[in-house]
Amino acid sequence: MLRPKGQPPVRVGILGVTTPGSALWDKDNVQGKLEFADAVATAKKWVPIVRAFADVVVVTAHMGSDGSSSYGSALPVENAANLIAEQVPGIDAILTGHTHINVPEKWVTNAATGAQVLITQPYKWGSRVADMTFDLSRQRGRWTVTAKHSTTIATAGVAPDPKIVNAVQKDHDATVAYVNTVVASSAATMSAAPSRYQDTAILDFIQKVQSETVKQALAGGQYGNLPVISIAAPFSRTAVIPQGDVTRRDIAGLYIYDNTLEAVVLTAKQIKEYLEFSAEYFR
């Protein structure tokens with residue numbers, strides 16, 4: 001946004017919201033410390049406050065926009081950006097990021113005002129960045145958005161900014177050293193490549209770690225005598241445990257999302273239904 005020389009500055013208000021699913025998959029770190037309210041209700045409360053002093057209002061939302069949820073009705077809607085755009089007046093644009101898809105430009109009509117809300121989401125892991133452009137004019141003593149546009153830009157081949165590199169170099173080096181720390185050794189190479197259709201040692205390793213961890217947690221308690229069945233998924237078919245030294249990076253590559261391990265009490269009927277559901281993959 002560029003303003004003519006001598007004109008007052010453009011005031012941009014930014015409101016951040018996140019998916020309430022964090023309360024589940026990051027439970028060990030946030031339970032009892034943070035509360036995750038409904039994102040739509042939160043936006044309804046705060047957007048008018050931000051709008052009162054801002055010429056442009058942008059919502060940054062760690063969530064998708066299609067209204068879906070991966071945890072049913074246990075918590076408010078996970079991917080609620082569309083609902084926020086439809087139900088909360090006063091928003092110019094929403095920057096989303098959670099569903100790992102590329103959305104250069106999308107429009108949602110606000111039900112109360114008829115205004116078009118701009119939504120954009122760059123592709124995952126920094127492979128793209130979002131670029132939003134606003135045109136403004138000075139009307140009745142304040143700036144008003146007259147047009148807006150967004151796109152996503154690929155970062156491949158873009159030279160890093162030396163100022164940014166220097167600012168984060170110390171933390172970057174510490175992170176690289178941490179993930180390259182040797183934590184184990186393996187007698188053979190284990191690959192996840194065929195794990196969606198045949199038994200593999202690398203998935204067996206995950207199952208063993210999960211089973212032993214849960215057994216230890218249940219020992220001596222109400223469920224200590226129940227058999228433990230492990231459920232695991234090949235999240236990455238490119239994961240490999242190398243022969244010889246194994247690093248934190250190798251272990252982290254098995255499960256790319258650092259979610260919380262949960263134990264659930266199941267009936268025999270539920271186990272059978274789960275197995276049948278899993279078998280449908282081979283259709």
Side-chain angles (χ1 to χ4, degrees), residues 1-19 37-67 77 79-165 167-168:
M1 294 177 290
L2 300 176
R3 60 187 171 97
K5 187 176 180 180
Q7 292 279 17
V10 176
R11 298 170 299 180
V12 180
I14 300 175
L15 172 66
V17 295
T18 192
T19 171
D38 181 286
V40 178
T42 299
K44 286 181 178 178
K45 174 182 177 180
W46 287 101
V47 167
I49 297 173
V50 175
R51 182 88 261 180
F53 70 82
D55 303 303
V56 180
V57 175
V58 177
V59 173
T60 59
H62 187 128
M63 59 183 58
S65 61
D66 62 2
V77 175
N79 296 305
N82 267 17
L83 299 177
I84 294 173
E86 291 173 356
Q87 299 179 23
V88 183
I91 298 171
D92 293 298
I94 302 178
L95 172 64
T96 65
H98 177 55
T99 51
H100 291 194
I101 58 174
N102 189 53
V103 183
E105 186 176 86
K106 176 180 177 180
W107 298 95
V108 174
T109 303
N110 183 267
T113 65
Q116 294 294 295
V117 181
L118 175 64
I119 296 180
T120 184
Q121 174 175 290
Y123 194 51
K124 63 182 182 180
W125 299 340
S127 60
R128 285 183 173 269
V129 295
D131 184 332
M132 290 190 286
T133 302
F134 298 87
D135 294 335
L136 297 98
S137 65
R138 192 75 179 164
Q139 299 177 7
R140 298 179 180 177
R142 67 179 301 166
W143 292 106
T144 300
V145 176
T146 56
K148 48 196 173 186
H149 168 69
S150 68
T151 188
T152 57
I153 303 170
T155 58
V158 177
D161 186 325
K163 292 182 180 179
I164 301 298
V165 172
V168 302

> When you look at NZ of Lys45, are more than 12 heavy atoms from neighbouring residues, nucleotides or ligands closer to it than 6.0 Å?
Replying inline: no
>> Determine whether a donor-acceptor pair (N or O, by modelled atom type, separation under 3.5 Å) exists between the side chain of Thr109 and the backbone of Gln116.
In response: no
> For His62, what residues pass the ring pair (Phe, Tyr, Trp, His ring centres under 6.0 Å) criterion, not counting sequence neighbours?
Replying inline: His98
> Of all heavy-atom pairs between Gly64 and Gln121, which one has the smallest distance, and what is that distance?
Replying inline: CA-OE1, 4.3 Å
> Side chains of Met63 and Val77: does their closest heavy-atom pair fall under 4.5 Å?
Replying inline: no
>> Contact between Val57 and Leu15 at the side-chain level, heavy atoms closer than 4.5 Å - yes or no?
In response: no
> Taking Thr155 for the side chain and Gly126 for the main chain, is one N or O donor matched with an acceptor at less than 3.5 Å?
Replying inline: yes
> Is there a side-chain contact between His100 and Trp125, using heavy atoms and a 4.5 Å cut-off?
Replying inline: yes
> Between Val40 and Val88, what is the shortest heavy-atom contact and its length?
Replying inline: O-CG2, 4.0 Å
>> Taking Ser150's backbone N and O only, do any of them form a donor-acceptor pair with Glu105's side chain (distance below 3.5 Å, no angle check)?
In response: yes
> For the residue pair Pro122 and Thr96, what are the closest heavy atoms and their distance?
Replying inline: CD-O, 3.7 Å
> Are Arg51 and Asp92 close enough for a salt bridge, meaning some N to O gap below 4.0 Å?
Replying inline: yes
> Are Asn79 and Thr99 close enough that some pair of their side-chain heavy atoms sits under 4.5 Å apart?
Replying inline: yes
